[in-house]
Amino acid sequence: MAAILSALLILVGTFFMLVAALGVVRFPDLYMRLHSSTKSATLGVGCVMLGAAIHFNDVGFATQALAITLFLLVTAPVAAHLLGRAAYLSGVPLWEHTLSDELRGRYDQVTHDLASTDTK
Amino acid sequence: MGDLALAVVVLSGFVVALVAPTVTRHRHNAAGWLIALLPLALTLYFVAQLPRLARGEVLTFAAPWVAELGLAFSLRADGLGVLFALLISGIGTLIVIYAGGYLHGNPFLGRFYAWLLVFMASMLGVALADNLIVLFVFWELTSLSSYILIGFEHESASARAAALQAMLVTGAGGLAMLAGLLLLGQVSGSLELSALLTQGDALRASPLYPAALLLVLLGAFSKSAQFPFHFWLPNAMQAPTPVSAYLHSATMVKAGVYLLARLNPALGGTDLWLYAVGGIGAATMLLGGYLALTQTDLKRLLAYSTVSALGTLTMLIGLGTSLALKAMVVFVLAHALYKGALFLIAGAVDHATGTRDVTQLGGLARAMPITASAAVLAALAMAGVPPLFGFIAKELIYEVGLELGVWWISAIVASALFTVFIASTIALGVFFGQTRHTPKHAHEAPSSLWLGPVVLAGLSLLIGSAPELVSAILIAPTVAAISGKPVAVKLALWHGVTPALLLSLATVLVGIGLFFARDALRRLLAPLRWSGAEQTYALALDGLNALARGQTRVLQNGYLRRYLMTIVLATVGLTGAVLLNQPIWNQLSNLPWETIWQDARFYELGLAVLIVLATIAAVVSPSRLGAVAALGVVGYSISLIFLAFGAPDLAMTQFTIESLSVLLFVLVFYHLPRFTRLSTSRARVRDAVIAALAGGLMTLFVLLAVGVQFQPSISDYFLENALPLAHGRNVVNVILVDFRGLDTLGEITVLGIAALGAYALLKLRREKIE
Amino acid sequence: MIITIAFGLLSAALFLAFIRLARGPSLPDRVVALDLLASLSVGWIALYAVATNQPIFLDVAIVLALISFLGTVGFAYFIAKGAVPWQQS
Amino acid sequence: MNSLILQTAVRYLLPLLLLFSVFVFGRGHNEPGGGFVGGLIAAAAYALYAIAYDTRAARQILPIEPRLLIGFGLLLALCSGMLGVANDRPFMTGQWYAFALPGWGKIELGAPLFFDAGVYLVVLGVSLTIIFALAEE
């Protein structure tokens with residue numbers, strides 16, 4: 001029973017990783033790729049880690065697997081945020097068919113304050 | 001241990017040298033007389049040893065140092081050694097006293113004495129050394145002290161140039177001699193001269209003989225100013241007169257002659273020895289004499305005549321007959337006495353009148369009676385007129401010449417003619433004839449300045465009239481030492497009317513005749529000046545400088561890329577050359593290729609392909625940071641491969657290093673100026689080729705390394721002993737920290753130094769900006 | 001059997017990420033690809049640990065998970081400093 | 001970089017990383033790990049802190065000057081080597097002292113561990129010296 005579950009989890013996890021890679025390749029602009037790379041890859045790794053934990057069914061290694069997932073959950077979003085912010089501020093263009101860019105004109109790079117209405 | 005006194009004698013000079021500057025500072029005037037006590041004591045010690053030597057005894061001293069290399073501080077005083085030791089310490093005493101007067105008031109007198117004593121001690125070392133290496137060390141010390149003494153007036157550029165020239169020529173010769181001595185040591189099996197001299201036949205027969213002989217001759221000829229290395233001696237006249245008298249006529253320049261005499265029993269007797277040593281000696285004899293004719297400066301005149309005398313000595317050793325060796329020993333003593341005296345007189349004249357130009361000097365006898373009388377005596381000895389000791393020496397040389405044949409005798413007579421001409425120039429020209437106006441009014445030199453010449457000239461007269469005084473206790477043991485077998489020596493002033501006597505009479509008369517026609521002679525010979533050797537020396541030096549400049553411009557041109565390229569190319573070239581003549585092809589072919597393919601899992605191959613693609617991306621990528629990202633991929637894939645081959649430690653370290661280096665790259669690129677011009681396509685192709693070469697070599701290495709089987713597999717040892725000995729299951733870390741701890745200690749020290757270096761450079765850069 | 005399929009998918013994912021890295025018009029795109037590759041490596045290690053039944057490898061995965069963050073942050077720091085205005089390469 | 005999110009993340013990550021680095025170093029003798037990796041992880045932690053805040057702040061939380069770390073590390077490594085000499089054994093031979101700790105059972109402390117600590121400090125010192133020097137402007 002446990003073997004099947006862990007195998008299943010590993011397969012699902014790897015599948016999500018593949019989806020993440022596909023997303024990063026297929027998406028038209030940087031910001032969408034960030035979504036796919038962060039969320040889907042972390043989910044994939046999480047599943048694989050869960051599968052591994054079940055496969056080894058040892059408390060010590062289970063905590064390790066859990067710790068890895070936790071670390072990824074903490075670091076991946078922060079990294080994505082930083083990257084997106086830096087890219088946006090340094091002028092990486094959005095996809096031409098973007099419907100709305102709520103940040104444009106509201107963030108003053110010099111004073112670093114974010115206004116809630118359009119200041120320009 | 002042997003006679004400890006011998007060692008004390010040799011090393012005492014160094015000890016007193018340390019004290020000399022302070023003594024001079026406190027007792028400036030009496031310093032000369034005080035310090036002269038040491039060489040005087042040494043002379044008395046050697047004189048006291050003469051009876052023991054006459055009985056055939058030999059003094060020895062040995063302090064073993066590195067037995068395996070055959071190195072030992074061993075000294076040996078036999079007839080030859082003591083003769084030179086007497087010359088060195090005897091004349092040394094007079095020179096030290098003379099220097100006191102000559103350099104009176106000079107602020108650096110203390111330093112002068114120190115180096116003079118260092119020279120004396122090292123010269124004694126050369127004369128008494130038994131171990132070849134000890135001889136070489138002292139030999140180089142004499143060159144060093146001569147360099148400093150020649151350049152004593154360090155303000156004058158010509159003195160410095162002359163000192164450098166002397167140092168380079170004798171130093172280079174010394175180096176060649178070291179190679180020769182080591183060869184001799186190799187062939188004879190021992191570095192001790194006493195043992196080496198018994199191996200004569202083995203040495204002469206060995207194939208290395210010509211090479212060893214030529215190398216040793218290089219050293220001897222450069223030190224004794226033989227042709228073509230003679231040019232440094234006349235230039236060394238820039239030195240103060242006591243140095244010229246002591247080093248460059250009586251002792252140092254005779255070191256080469258001493259070495260040849262010392263090695264004669266072992267190396268002498270072959271045709272090569274005859275032609276090389278005899279031939280060069282004869283050539284130098286003639287060249288020295290000839291070049292002296294046109295000189296007008298008193299000291300250069302004497303210097304060239306010394307070159308000629310050294311040539312005669314070398315020729316005599318080259319001839320090797322027992323008569324020639326006897327003549328050589330007698331001439332060594334005679335020459336030291338009269339040449340030393342003449343040099344000191346030249347100094348006294350220079351000191352008194354302010355000029356050394358022979359054409360401006362004349363009629364000084366009335367103003368300097370004592371110096372004049374010593375000069376006449378010394379000049380007569382030089383010309384070889386009885387009853388002076390110089391006459392006996394010349395008679396013997398004439399007999400050798402007559403015995404050997406017309407060519408040798410005519411060469412000897414010609415050089416004797418030149419010598420007589422020079423002697424008369426000094427004695428008659430300078431001290432008699434009409435007095436001329438000189439920059440300083442001529443006055444009698446102080447006592448310290450005429451004591452030396454008088455003693456030396458007096459000795460010349462004394463030994464000349466009673467040769468048996470020295471023949472038994474000094475000359476005989478020396479000749480025995482040189483020829484390797486006891487030789488009876490009977491010297492006499494009068495041999496009856498012999499062809500040699502008539503010849504020498506004729507030479508003296510013609511010589512004086514030449515003197516009176518000196519002006520015509522100088523005009524005639526002036527255009528025929530020959531200074532080829534010196535020009536080649538100058539050319540060689542300029543060539544060396546040009547080479548150094550060119551090489552620095554090529555290798556150190558400031559471009560980091562160029563340094564990297566040179567390093568990589570050198571590595572690839574050298575290792576490639578070594579590898580190519582190894583049987584690498586069959587080593588590669590019998591690698592277990594099939595098994596490698598079988599157990600290679602597809603995802604490992606995937607990683608391999610990823611690495612190749614990422615490398616290409618890194619090379620092709622236009623932006624530097626894109627390349628850094630691609631390198632990151634390569635790093636991560638390699639870490640995964642480490643993991644796949646069961647090295648978690650390594651994988652961990654590689655991952656961390658990878659991230660840190662990405663960070664460092666980013667920080668560095670942030671500071672680097674924007675590269676406006678990316679490298680031209682030609683440069684990229686060149687870099688690609690170099691990179692391919694280096695990569696190919698590394699792959700070859702890895703493949704070959706895989707093939708190598710370590711018989712006693714070290715890893716088994718570590719695996720078994722990791723737990724019991726080092727209490728650790730992680731073998732990798734145990735090795736790093738315990739078994740190979742010393743290596744790690746070295747590595748972290750290197751790391752620390754590298755970090756400090758980087759920190760300093762970065763700090764430097766920041767200061768430059770502010 | 002499952003492991004082989006998983007590794008197959010994972011290798012494909014690695015290549016796709018690499019394609020983005022090679023093609024990525026701007027530097028941030030390449031950094032995203034690199035970050036994804038780091039996460040995929042963590043997955044790879046976990047998968048390898050399961051494949052060879054060596055749980056010890058998970059330690060390496062922890063190190064990688066923590067440290068790969070540093071690389072991405074470093075790049076972001078660089079881009080944020082405005083040193084590299086967006087360039088269409 | 002003055003991104004608040006990064007600074008808060010780093011404020012929690014730093015102790016975690018340091019703990020992990022000491023943990024990796026501590027068990028280095030028996031499981032994968034050791035002074036070298038430990039030092040690198042600690043260096044990465046401080047580098048992260050230096051990026052999130054600035055090098056001056058990072059220097060404050062580091063007890064001593066990175067360059068001194070190199071010196072201490074080398075000294076520690078050397079002394080642990082001299083321990084062998086103290087027991088008149090050749091330099092660098094490992095000396096092991098086993099003693100029982102209440103509640104933890106028998107643990108063994110040995111010279112190589114101090115040597116490894118020396119390596120840890122040197123690696124940390126080296127990396128931080130270079131990173132801080134680079135990131136100073």
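Letters A, B, ... are given to chains in the order of the sequence lines, protein chains preceding strands, and every chain is numbered from 1.
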Q: Indicate the atoms forming the closest heavy-atom contact of A:Thr75 with C:Ala65, along with that distance.
A: OG1-O, 4.3 Å
Q) Atom CG of A:Leu34 and atom CG of C:Asp29: how far apart are they, to the nearest 0.5 Å? A) 8.5 Å
Q) Should C:Leu16 and A:Val24 count as side-chain neighbours, where that means a heavy-atom distance under 4.5 Å? A) no
(Q) At a 4.5 Å cut-off on heavy atoms, which part of A:Phe61 comes close to chain C: side chain, backbone, both, or neither? (A) both
Q: Just give me the residue among C:Ile3, C:Asp59, C:Asp35 that pairs up with chain A most often, heavy atom to heavy atom, under 4.5 Å.
A: C:Asp59
Q) Does C:Leu36 reach the side chain of A:Arg33, with side-chain heavy atoms less than 4.5 Å apart? A) no
Q: Count the heavy atoms belonging to other residues, nucleotides or ligands that lie under 6.0 Å from CZ of A:Phe15, then report whether that count exceeds 12.
A: no
**Q.** Smallest separation among heavy atoms of A:Ala86 and C:Ala76, with atom names
**A.** CB-O, 3.8 Å
Q. Checking side-chain contact (heavy atoms from CB on, under 4.5 Å) for the pair C:Phe69/A:Val74: CA distance, chi angles, key distance, verdict?
A. CA-CA 10 Å; C:Phe69 174 62; A:Val74 165; over 6 Å; no
Q) Heavy atoms, side chains only, cut-off 4.5 Å: are C:Phe75 and A:Leu82 in contact? A) no
Q. Which heavy atom of A:Phe27 sits nearest a heavy atom of C:Arg20, and at what distance?
A. O-NH2, 4.1 Å
Q | Non-hydrogen atoms of C:Ala61 and A:Ile68 that approach each other most closely | A | CB-CD1, 3.4 Å
Q) Quick one: what part of A:Leu83 sits under 4.5 Å from any heavy atom of chain C, side chain, backbone, both or neither? A) both
Q.
Would you say that A:Thr14 contacts C:Phe7 through its side chain, given a criterion of any heavy-atom pair below 4.5 Å between the two side chains?
A. no
Q. What distance do C:Ser26 atom OG and A:Asp29 atom CG have between them, rounded to the nearest 0.5 Å?
A. 10.0 Å
Q | Residue that, paired with C:Ile2, satisfies side-chain contact (heavy atoms from CB on, under 4.5 Å) out of A:Ile4, A:Leu8, A:Leu11 | A | A:Leu11
**Q.** Closest contact, heavy atoms only, C:Ile62 versus A:Gln64
**A.** CD1-CG, 3.9 Å
Q: Name the option with the most non-hydrogen atom pairs under 4.5 Å to chain C; the candidates are A:Ala65, A:Cys47, A:Ala7.
A: A:Ala7
Q) Taking C:Leu64, C:Leu58, C:Leu47 one by one, which has the highest count of heavy-atom pairs under 4.5 Å against chain A? A) C:Leu58
Q. Hey, which of A:Val19, A:Val48, A:Val25 has the most heavy atom pairs under 4.5 Å with chain C?
A. A:Val25
Q: Determine whether C:Leu9 and A:Met17 make a side-chain contact, defined as any pair of heavy atoms from C-beta on separated by less than 4.5 Å.
A: no
(Q) Check this for me: A:Phe16, atom CZ, are more than 12 non-hydrogen atoms of other residues, nucleotides or ligands nearer than 6.0 Å? (A) no
Q | Residue part contacting chain C, namely of A:Tyr31, when any heavy atom lies under 4.5 Å | A | neither
Q.
Quick check: closest heavy atoms across A:Leu18 and C:Ala13, and the distance to 0.1 Å?
A. CD1-N, 3.7 Å
